[in-house]
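See below for the structure under consideration.
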Amino acid sequence: MSATVPAITYNVDLVRQDFPILAREVRPGVPLVYLDSTATSQKPRQVIEAVTRYYSQSNANIHRGIHTLAEEATAQYELARANIANFLGAQTPRQVIFTRNTTESINLVAQTWGRTNLHRGDVVILTEMEHHSNLVPWQMLATEFDLKLEFITVTPDGLLDLDEYQRLLSLTPKLVAFTHVSNVLGTINPAKDIIKMAHDVGAITMLDAAQSVPHYKVDVQDLDVDFMAFSGHKMCGPTGIGVLYGRKSILESIPPFLGGGDMIKRVKLRSFVPNEIPHKFEAGTPAIGEAIGLSAAVAYLQNISMEAITAHEKEIIHYALERLEEIPGIAVFGRPAAHKCGVASFILQGVHAHDVSQVLDRDGIAVRAGHHCAMPLHEKFQVPATVRASFYLYNKIDEVDRLVDGIYKVKTLFKS
Ligand code: 7TS
């Protein structure tokens, strides 16, 4: 083994104590090595307790009642919105719309802004590295409105080809929608530049931040982005809660998404007047406890500091890439390491990704195998499936060693 173990100053053992699930054994005597945070992160007790506290102390429906519990629940839900707006650097909490997840946030934009602003023949630029969430909603719209979808290609190193992007911009697109960080390659895209270039030709921008907001300090005003989507469950928060951030003037100008209670100011039998933002986009009873849980997750991450989390993950991924690349017959996707966040997707010669994952699971190592909802990207690299190990604030260097030992076991078993 030639890789050097980095000296980590970040106290990962202390962080791990906050996550009850990390203490469990997958089977008797087999501790959990959780390397699947890109799919969903684990939850610290601070979040679990915030949700429990809400349901045990303040549970009521919001924006409707004038009794004490309803007022408490409303105040906590709106405070959660304000905390999240502050975390993102938004100008006002009214720019934070609660949704179920990234997928719903992107669909909201497609069905509201998209349906009112895109017309026959309009160009929408996407990339070859998108998660299906940022492909299918636009494909659905493209079929209905006869739009032209164009794609920024991915280089063999797993980067976006920005020269190609520059060429595509001459088509004067109406929208550029792209992922901040690839959930397969770990590539961190130069979002600020991509957004500026889009604005220079008058396009609106939509950023899929599902894999960036949990790991980096993301400032919406610095990025100058028009729409941004992310999920609570990938950033230590509960499932069932996501966010759509939007530029205020655009949110005010577009129609509502779903119809029902809360999204209206007045209703007559044959017509309605929509509510102000953000309520205009939040029809029906929202995920109140989950929004409060997400706010606790944001507070938890801020307390550690996003910069410290980013630095920790960088050390782990650099070590992981060094160690993985020592293994004969392995191919890791998406180098160079400098552009990577804590994601390593690979194939092992002669062994199907699902078999790798299954054998690793016997040793309690949770990785993901498949196309990771990025089938076009896998087609591009001509592989049906990859194995993906992903790292977050609670992962340790010795978990990388256990992964590597596990892969050697797979190789022995399959004689690869
Ligand atoms: N965009 C990206 C970049 C993602 O990684 C994901 C989820 C989504 C959108 C959708 O998020 P959701 O919360 O709406 O489902 N990515 C993954 C993954 O890589 N493995 O499982 C889910």
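Order of listing sets the numbers, starting from 1, for every ligand and every atom in it.
A donor-acceptor contact closer than 3.5 angstrom is absent between the side chains of Asp161 and Thr155. For the residue pair Ser390 / Ser37, no side-chain donor-acceptor distance below 3.5 Å is found, with atom types taken as modelled.
What sits closest to atom 6 (C) of ligand 1 on the protein, heavy atoms only, is His131 CD2, 3.3 Å. The closest protein non-hydrogen atom to atom 14 (O) of ligand 1 is Thr103 OG1, 2.5 Å.
Annotation: Glu49, atom CD; neighbour count of heavy atoms from other residues, nucleotides and ligands within 6.0 Å is above 12.
With Ile309 as reference, Tyr392 is the one residue of Tyr392, Tyr394, Tyr216 to meet the side-chain contact (heavy atoms from CB on, under 4.5 Å) rule.
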Report the C-alpha distance between Leu88 and Met228 in whole Å, list the side-chain angles of each, state the deciding distance to 0.1 Å, and finish with yes or no for side-chain contact (heavy atoms from CB on, under 4.5 Å). CA-CA 10 Å; Leu88 301 176; Met228 189 175 90; 3.9 Å; yes

Step by step, work out the side-chain contact (heavy atoms from CB on, under 4.5 Å) result for Asp262 and Glu282. CA-CA 7 Å; Asp262 247 27; Glu282 293 181 5; 5.7 Å; no

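The residue from Arg368, Arg388, His372 that puts a heavy atom closest to atom 19 (O) of ligand 1 is Arg388. Closest to atom 2 (C) of ligand 1 by heavy atom, among Ile241, Asp208, Val181, is Asp208.
For ligand 1, the atoms lying closer than 4.0 Å to a non-hydrogen atom of Ala210 are 1 (N), 2 (C), 4 (C), 9 (C). Every atom of ligand 1 is numbered from 1 in the order shown, and the set under 4.0 Å from a heavy atom of Thr179 is 3 (C). Taking a cut-off of under 4.0 Å to the non-hydrogen atoms of Gln211, the atoms of ligand 1 that pass are 3 (C), 4 (C), 5 (O), 16 (N). For ligand 1, the atoms closer than 4.0 angstrom to any heavy atom of Ser133 are 8 (C), 9 (C), 10 (C).
Residues Leu118 and Val124 meet the side-chain proximity criterion, which asks for heavy atoms closer than 4.5 Å.
Under 4.0 Å from ligand 1, not a single heavy atom of Glu130 appears. Contacts between Lys234 and ligand 1 below 4.0 angstrom, taking non-hydrogen atoms only, involve the side chain exclusively.
Not a single heavy atom of His132 sits closer than 4.0 Å to an atom of ligand 1.
Across every non-hydrogen atom of Ile152 and Glu164, the tightest pair is CA-CG, 4.4 Å.
For the pair Ser231 and ligand 1, the shortest N or O to N or O distance falls below 3.5 Å.
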